[in-house]
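In what follows, every heavy atom counts, from backbone to side chain, and hydrogens, waters and symmetry copies are set aside. Note that the structure is a prediction, hence the values are computed from the model and not measured. Starting from 1, each residue takes its place in the sequence as its number.
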Amino acid sequence: MENTKVSEETIKEILKDDPLFDIIKNTPAEHTLLNDEYLETIIEKKFYPTVELAHWFGISDGQVRYYIRPFQDYIFQGEDEAPSFSTSMRLSFKSILKVRMLILLKDEYKVKGLQQVLGSSGLLIKEDRVTSSTTEVTKGSPSIHDEVQVIKDILNNILQSGAFTVTEKDDKYTVNLAAELENIIEGHQIKALDEYQGKLLTDYKNSLKPVQEEIEHLKDQNKKLEETLRTQVQDKSDLKIEETQSFQNEIDNLRKQNQRLETVMQLQRKCEDEAAAEWEKNNNYGFMARLLKANEIDASKRKFIKEYVDKQLKSTLSETSAE
């Protein structure tokens, strides 16, 4: 198959008077310019769309158009008519070489620096892209063109950062977050979540330390108490039978007292319920009466319940004592 690669001599001849080519001579950028892979298949007399350039240079079609827009006078110099941005843009081989040099130099010179280089060479027409017949710019104030240029430089730096990709469809541009950056952000989010969960677990463990220490302290106290009781029991074993029986009687008495107290408490609760039911039965107050005389009704109810409970307890305790 015949080798159709464009020779270095041909490229150098095309760009011999180009100010950007003078800049990249004897630099790594010159080697890239003269040895791009697309040079092996490109046809010099053919025109190519911007999407093809984007494929060759590893960027989006929107980025290619972004680099072309501020340098149209330079890129299409000598051509019959510059292509329109509203149509499918197609570039000649010479224009493609110029776009490639702009892309190779963009990181070092930025858009403003490249405009200064080309402007000093007379290859850019010095005119404001945005004008207004009704707007006056005072002396010392930035012109609209300068403000637009600042915005363009900012957007250019954002695109060059690689954080976003620009795509074009139906003459509309869409800016998307780069997939690599999305992965990085997602990774940071996952890492931050893991760190947050780890911190929560650590804080939870730290909050349990005082509780664990208190549990250990109680265990030690219980152990000491068991030893003390064991010693006391051992000492008690040497007591006489009478003393042991007396001690047992005291325990039995205490148990009986506890049972009686529990019986009394149960009886008291029962009497309170009965008294409350009896009072409600005999005092059928309406809603408004309860609302307006709440304190008086509540005091009357408590007094009735107390008298009823006292009477019932006295009666029951008297009967129990007699038995």
**Report entry** Residue pair L33 / K25, side-chain heavy-atom distance below 4.5 Å
**Finding:** no

Find out whether I251 and L254 are in side-chain contact, i.e. whether some heavy atom of one side chain is under 4.5 Å from a heavy atom of the other. no

Indicate, with yes or no, if L34 and I43 share a hydrophobic cluster defined by side-chain heavy-atom contacts under 4.5 Å among Ile, Leu, Val, Met, Phe, Trp and Tyr.
-> yes

In plain terms, say whether K270 and D273 are close enough for a salt bridge, that is, a side-chain N and a carboxylate O under 4.0 Å apart. no

Rounded to the nearest 0.5 Å, the CG atom of L105 sits from the OG1 atom of T27 at a distance of 7.5 Å

Tell me whether V309 shares a hydrophobic cluster with V264, the cluster being built from Ile, Leu, Val, Met, Phe, Trp, Tyr side chains joined at under 4.5 Å. yes

ask   = Under 6.0 Å from the CG atom of N253, do we count more than 12 heavy atoms belonging to anything else shown?
value = yes

Review point. Should D203 and K199 be marked as a salt bridge (Lys or Arg N to Asp or Glu O under 4.0 Å) after you check the CA-CA gap, both sets of side-chain angles, and the distance that decides it?
Key: CA-CA 6 Å; D203 293 343; K199 183 178 182 301; 3.0 Å; yes

| request: Decide, yes or no, whether a salt bridge links K16 with E13 under the criterion of side-chain N to carboxylate O below 4.0 Å. | output: yes

Between the CD atom in Q268 and the CG atom in L261, the distance rounded to the nearest 0.5 Å is 11.0 Å

- prompt: F21 versus I14: any side-chain heavy-atom pair under 4.5 Å?
  reply: no

Task: Heavy atoms of other groups near E37 CD, more than 12 under 6.0 Å - done: no

(message) Could you tell me if the side chain of T263 sits less than 4.5 Å from the side chain of T316, heavy atoms only?
(response) no

* Asked: Salt bridge or not for K311 and E274, using N-O below 4.0 Å?
  -> no

Basic-acidic side-chain contact under 4.0 Å: E52, R90
no

| When you measure from the side chain of E307 to the backbone N and O of F304, does any donor-acceptor pair fall under 3.5 Å? | no

Worksheet entry | Candidate pair M101 and L15, rule side-chain contact (heavy atoms from CB on, under 4.5 Å), full reasoning | CA-CA 10 Å; M101 287 192 295; L15 300 175; 3.9 Å; yes

With side-chain contact (heavy atoms from CB on, under 4.5 Å) as the test, would you mind laying out the steps for K219 and K223 before giving the verdict? CA-CA 6 Å; K219 286 182 179 179; K223 185 176 180 181; over 6 Å; no

Examine Y308 and I305 and state if one hydrophobic cluster contains both, with Ile, Leu, Val, Met, Phe, Trp and Tyr joined whenever side-chain heavy atoms are less than 4.5 Å apart. no

With sequence neighbours left out, the residues meeting ring-ring contact (aromatic ring centres under 6.0 Å, His included) with Y38 are W56, F57

- Item | N206 atom CG: more than 12 heavy-atom contacts under 6.0 Å | yes

_Could you check whether any side-chain N or O of K301 sits under 3.5 Å from a backbone N or O of W279, counting only pairs where one atom can act as donor and the other as acceptor?_
no

dist R100:CZ -> Y67:OH (nearest 0.5 Å) comes out at 11.0 Å

Output for pair (I96 CD1, L53 CG), nearest 0.5 Å, gives 4.5 Å

To the nearest 0.5 Å, atom CD1 of I68 lies from atom CD1 of I103 at 8.0 Å

Scanning both residues in full, the closest heavy-atom pair of A54 with S60 reads CB-C, 3.5 Å

Less than 4.5 Å apart, any side-chain heavy atom of Y285 and any of L291? no

Exam field: side chain S300 to backbone E296, donor-acceptor pair closer than 3.5 Å: no

* Are D61 and R65 within salt-bridge range, i.e. N to O under 4.0 Å? -> yes

Checking side-chain polar atoms at under 3.5 Å, does Q221 have a donor or acceptor matched by the opposite partner on H217? yes

- List the steps and the verdict of side-chain contact (heavy atoms from CB on, under 4.5 Å) for L20 and I23. CA-CA 5 Å; L20 297 188; I23 293 176; 4.2 Å; yes

inquiry  = Between the side chains of K256 and D252, is the shortest nitrogen-to-carboxylate-oxygen separation below 4.0 Å, so that they form an ion pair?
reply    = no

Quiz item: Do E30 and K12 come close enough that some side-chain heavy atom pair is under 4.5 Å?
Solution: yes

**Report entry** Pairwise side-chain contact, I42 with D36, heavy-atom cut-off 4.5 Å (strictly under)
**Finding:** no

Between the CG atom in L102 and the CZ atom in F71, the distance rounded to the nearest 0.5 Å is 5.5 Å

So, do F76 and L91 sit near enough that their side-chain heavy atoms are less than 4.5 Å apart? yes

- Task: Please assess T10 against E44 for the test side-chain contact (heavy atoms from CB on, under 4.5 Å), listing each intermediate value before the final yes or no.
- Result: CA-CA 10 Å; T10 301; E44 294 182 52; 3.6 Å; yes

